Amino acid sequence: MSKSSLKSVPAHVAIIMDGNGRWANARGLPRTMGHRKGVEAVREAVRTAGEVGIRYLTLFAFSSENWTRPEDEISDLMGLLKAFIRRDLADLHRQNVRIRVIGDKTNLRGDILPLLLEAEETTRSNTGITLVIAFNYGARDELARAMRSLAVDVREGRLLPEQITPERISSRLDTAGIPDPDLVLRTSGEERLSNFLLWQSAYSELLFVPELWPDFNRDSFLAALERYASRERRFGGLSKQPATLAVGS
Ligand code: FPP
């Protein structure tokens with residue numbers, strides 16, 4: 001399947017990269033090897049997304065609930081993310097990729113926060129695809145932080161309660177300025193959103209694919225985009241009727 005056969009390309013694709021642990025288990029390997037292989041799939045996904053003209057690619061790298069995993073798995077995931085930024089930042093920058101990080105940036109230990117901020121700062125003016133890394137991210141936590149900031153504005157008299165609109169809520173989320181995802185994709189056959197972009201995905205197409213994340217390659221991505229392109233999005237409205245039916249009938 002070639003990229004040119006795509007009828008429509010989503011501007012924003014958000015991916016729940018699931019199945020690293022199962023990929024490793026199936027091979028009798030430690031779970032960390034699944035995450036390692038997962039980083040290679042991340043590189044391929046960013047390349048493919050840029051190639052087909054996706055403008056924003058959001059990847060769920062670490063959820064605010066992932067802290068409950070065993071300490072060694074957490075430290076391995078942190079290590080991989082740090083290594084990814086250290087090794088790939090220059091390359092992503094050269095490719096004109098802009099990096100944004102969403103999630104709670106307070107109370108992060110060690111050198112992860114400075115690295116994430118450096119990645120955002122270095123690539124701030126890039127005009128190519130935006131790679132949004134969801135790190136220490138949970139949608140309910142993001143909404144709670146947005147609500148608290150609106151509540152402070154109301155308390156300080158800067159905002160009236162009736163001025164709290166959906167648009168204003170969107171503008172207080174970590175994703176402010178980023179269009180809502182057109183497509184939310186989850187690998188590994190699980191069919192859940194797992195506290196990912198709950199507000200932003202109100203009208204997103206949802207796609208669940210069977211591949212485990214380390215196996216999700218360029219062809220899998222193109223096949224998913226093909227399925228997206230065949231869907232009709234109505235945003236709560238009615239489906240467009242063919243002209244012959246709409247006129248005089
Ligand atoms: C889910 O698999 C995956 C994760 C919790 C982490 C995803 C992280 C990476 C792919 C690497 C770092 C990210 C970047 C952006 C470089 P799982 O462990 O829940 O799999 P399982 O459901 O099979 O156990």
Side-chain angles (χ1 to χ4, degrees), residues 1 6-27 29 31 33-35 37-42 44-46 48-49 52 54 56-70 73-74 77 102-103 131-144 170 173-175 178-237 239:
M1 185 176 308
L6 291 172
K7 276 201 306 274
S8 69
V9 174
H12 183 178
V13 177
I15 305 184
I16 303 173
M17 309 180 286
D18 198 10
N20 294 349
R22 274 165 286 166
W23 183 92
N25 283 343
R27 288 161 180 77
L29 297 169
R31 293 175 56 81
M33 291 307 291
H35 297 316
K37 194 80 172 75
V39 177
E40 288 172 32
V42 164
E44 187 158 341
V46 176
T48 308
V52 300
I54 288 166
Y56 297 84
L57 177 69
T58 299
L59 300 177
F60 204 178
F62 195 86
S63 80
S64 38
E65 288 76 33
N66 285 154
W67 296 108
T68 58
R69 293 194 175 203
E73 185 170 344
I74 294 175
L77 277 168
I102 59 169
L131 172 62
V132 184
I133 301 176
F135 177 77
N136 194 25
Y137 177 84
R140 288 181 173 182
D141 171 70
E142 177 193 36
L143 277 162
S170 291
L173 297 174
D174 298 341
T175 49
I178 297 174
D180 288 341
D182 304 287
L183 171 64
V184 176
L185 191 141
R186 183 176 189 142
T187 57
S188 91
E190 303 289 336
E191 302 191 355
R192 287 187 296 281
L193 285 179
S194 298
N195 203 14
F196 185 50
L197 302 177
L198 296 183
W199 174 273
Q200 298 87 336
S201 62
Y203 287 103
S204 304
E205 292 296 323
L206 306 180
L207 212 52
F208 302 101
V209 299
E211 292 98 321
L212 303 175
W213 176 250
D215 292 327
F216 190 80
N217 58 22
R218 181 178 184 278
D219 284 346
S220 332
F221 203 169
L222 291 178
L225 292 173
E226 192 73 29
R227 280 174 65 193
Y228 167 84
S230 70
R231 291 194 184 173
E232 181 196 18
R233 302 185 70 196
R234 295 204 293 271
F235 299 95
S239 105

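These figures come from a predicted structure and were not determined experimentally.
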Distance from [X] atom [atom1] to [Y] atom [atom2], nearest 0.5 Å?
| X | Y | atom1 | atom2 | result |
| --- | --- | --- | --- | --- |
| E65 | D141 | CD | CG | 8.5 Å |
| L222 | L225 | CG | CG | 6.0 Å |
| E211 | D219 | CD | CG | 10.0 Å |
| F208 | L185 | CZ | CG | 9.0 Å |
| Y56 | T175 | OH | OG1 | 11.0 Å |

Are any non-hydrogen side-chain atoms of [X] and [Y] less than 4.5 angstrom apart?
| X | Y | value |
| --- | --- | --- |
| V9 | I54 | yes |
| R186 | E191 | no |
| L29 | K37 | no |
| E142 | Q200 | yes |
| D180 | Y203 | no |
| Y228 | S8 | yes |
| F62 | I133 | no |
| P181 | T58 | no |

Got more than 12 heavy atoms from elsewhere within 6.0 Å of CZ, R231? yes

Given side-chain contact (heavy atoms from CB on, under 4.5 Å), test L6 with E226 step by step and report yes or no. CA-CA 6 Å; L6 291 172; E226 192 73 29; 3.4 Å; yes

Between [X] and [Y], what is the shortest heavy-atom contact and its length?
| X | Y | answer |
| --- | --- | --- |
| P179 | H12 | O-ND1, 2.7 Å |
| A14 | F196 | CB-CE2, 3.8 Å |
| S230 | K7 | CA-NZ, 4.3 Å |
| G34 | P214 | O-CG, 3.7 Å |
| A11 | D182 | N-OD2, 2.9 Å |
| L207 | A224 | CD2-O, 3.3 Å |

Is a side-chain N or O of [X] found less than 3.5 angstrom from the main chain of [Y], in a donor-acceptor match?
| X | Y | result |
| --- | --- | --- |
| N25 | R22 | no |
| R227 | A223 | no |
| T187 | D18 | yes |
| N195 | R140 | yes |

What's the verdict on side-chain contact (heavy atoms from CB on, under 4.5 Å) for I16 and E190, showing C-alpha distance, side-chain angles and the deciding distance? CA-CA 10 Å; I16 303 173; E190 303 289 336; over 6 Å; no

Test side-chain contact (heavy atoms from CB on, under 4.5 Å), reference V13, set L59, T48, L57, output is L57

In a check of side-chain contact (heavy atoms from CB on, under 4.5 Å) between V132 and each of I178, D174, L197, which one passes? I178

Looking just at side-chain N and O atoms, do W67 and N136 make a donor-acceptor pair shorter than 3.5 Å? yes

Side chains of S170 and W199: is there a donor and an acceptor less than 3.5 Å apart? yes

Assess whether side-chain contact (heavy atoms from CB on, under 4.5 Å) is satisfied between S201 and L193, documenting all intermediate values. CA-CA 9 Å; S201 62; L193 285 179; 4.0 Å; yes

Set out, in order, the CA-CA distance, both residues' side-chain angles and the distance that settles side-chain contact (heavy atoms from CB on, under 4.5 Å) for E73 and H35, then state yes or no. CA-CA 9 Å; E73 185 170 344; H35 297 316; 2.8 Å; yes

Relative to each other, are the rings of F221 and F216 parallel, tilted or perpendicular (30° and 60° limits)? tilted

